[in-house]
Amino acid sequence: MGSDTYDFRHSDRPQTVPNHPRLKVNVKNGASGKLIIDGPCELEGTLNFASGRGTVHFAGYPSPPMQSATIKINIVLKGRDVLFYADEGFTSNGLRALVSGNRRKLTFGKDCMLAGDVEIRTTDNHAVFSTDTLEPVPSEGDIEIGNHVWLGLKTTVLKDCRIGDGAIVAIGSVVTRDVEPFTVVGGTPAKVLKRDASWTRQQSPSREDMLKVMEEFGKG
């Protein structure tokens, strides 16, 4: 299956996407946007191109059993050449993402699973400065989420973070720094709860299911 590419320009009304009737696209303030869909998937929610030029890219689902899953999103892009990218197998029960800042990126590796009420932001959205030096503190940073990462219900990931392959972020956690591969983190701010751990989509996985995860995502 080839990629579907949709280009959007400023409009006073929400725009629609063929084959995705529950997705609305808003383009304001002279912005422009591009949506790329490589494979089968069903998108629901809103894409908001708030300023500048942004790209949203979904690789889709690699296998038929996942084709019925709906990707629920509310994504805001602000700035020049900003990017949201989700590789194959991405699922979301409710992602709110702000990708803001020129050339900023939010990327997901393969087979990532997001629960509901997940918040991810590449920016503080307001200026922060040192009261000692009156120098600005960095308030933006790319976010890179690796392969086969599970973000639990009501988790938050803040700017300039990298989450390693196979990691799990527990319910209600706030990630403020890098997360090592194959670890479970939790809390506010998130800290390591367990090492050498990962997950499967099956609730009662076989040994073969678990070995497949380890082999495919680098722990084999």
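Values reported hereafter were calculated over all heavy atoms of this structure, with side chains retained and with hydrogens, waters and symmetry mates removed. Keep in mind the model is a prediction, meaning the values are calculated, not measured.
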Which residues pass the salt bridge (Lys or Arg N to Asp or Glu O under 4.0 Å) test with [X], not counting sequence neighbours?
X	answer
Lys159	Asp124
Arg162	Asp160, Asp178
Glu140	Arg104
Arg207	none

Let me check something: do [X] and [Y] share a hydrophobic cluster, defined by ILVMFWY side-chain heavy atoms less than 4.5 Å apart, either directly or through other members?
X	Y	value
Val56	Leu83	no
Ile163	Leu98	no
Val99	Tyr6	yes
Trp150	Val175	no

[Y] backbone acceptor or donor facing [X] side chain under 3.5 Å:
X	Y	value
Gln15	Arg9	yes
Asp4	Ile37	no
Thr70	Lys72	no
Trp199	His148	yes
Asp165	Pro181	no

Looking only at heavy atoms, which two atoms of [X] and [Y] are closest? And how far apart?
X	Y	result
Thr122	Ser100	OG1-N, 2.9 Å
Gly172	Thr188	O-OG1, 3.8 Å
Gly60	Cys41	CA-CB, 4.2 Å
Ser198	Phe182	CB-CD2, 3.6 Å
Gly187	Ser173	N-OG, 3.1 Å
Val17	Leu23	CG2-CD2, 3.8 Å

Worksheet item: Does atom NZ of Lys28 have more than 12 heavy-atom neighbours from other groups under 6.0 Å away?
Response: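 Enclosed: over 12 neighbouring heavy atoms sit under 6.0 Å from NZ of Lys28.
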Discussion item. Taking ring-ring contact (aromatic ring centres under 6.0 Å, His included) as the definition, give me every residue that meets it alongside Phe84, ordered by chain and number, with sequence neighbours left out.
Written reply: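 In terms of ring-ring contact (aromatic ring centres under 6.0 Å, His included), with neighbours along the sequence ignored, Phe84 is linked to Phe58, Phe108.
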Worksheet item: Does the side chain of Glu216 come within less than 4.5 Å of Asp111's, by heavy atoms?
Response: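 The answer is no, as the side chains (C-beta and beyond) never meet within the 4.5 Å cut-off.
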Fill in: Side-chain heavy atoms of Phe49 within contact of Leu35, under 4.5 Å
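No, every pair of side-chain atoms sits at 4.5 Å or beyond.
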Practice prompt. From the options Asp117, Val118, Ile120, select the one residue that forms a side chain to side chain contact (heavy atoms under 4.5 Å, CB included) with Arg96.
Written response: Asp117
Worksheet, complete the sentence: CG of Leu151 to CE of Met113, rounded to nearest 0.5 Å, is 9.5 Å
Worksheet item: Rounded to the nearest 0.5 Å, how far does CD of Glu144 lie from CG of Leu106?
Response: 10.5 Å
Worksheet entry | Residue pairs, two or more places apart or on separate chains, that pass side chain to side chain donor-acceptor pair (under 3.5 Å) and touch residues 43-58 | Arg22-Glu44, Asn26-Asn48, Asp38-His57, Thr46-Asn48, Thr46-Asn74, Asn48-Asn74, Arg53-Asp81
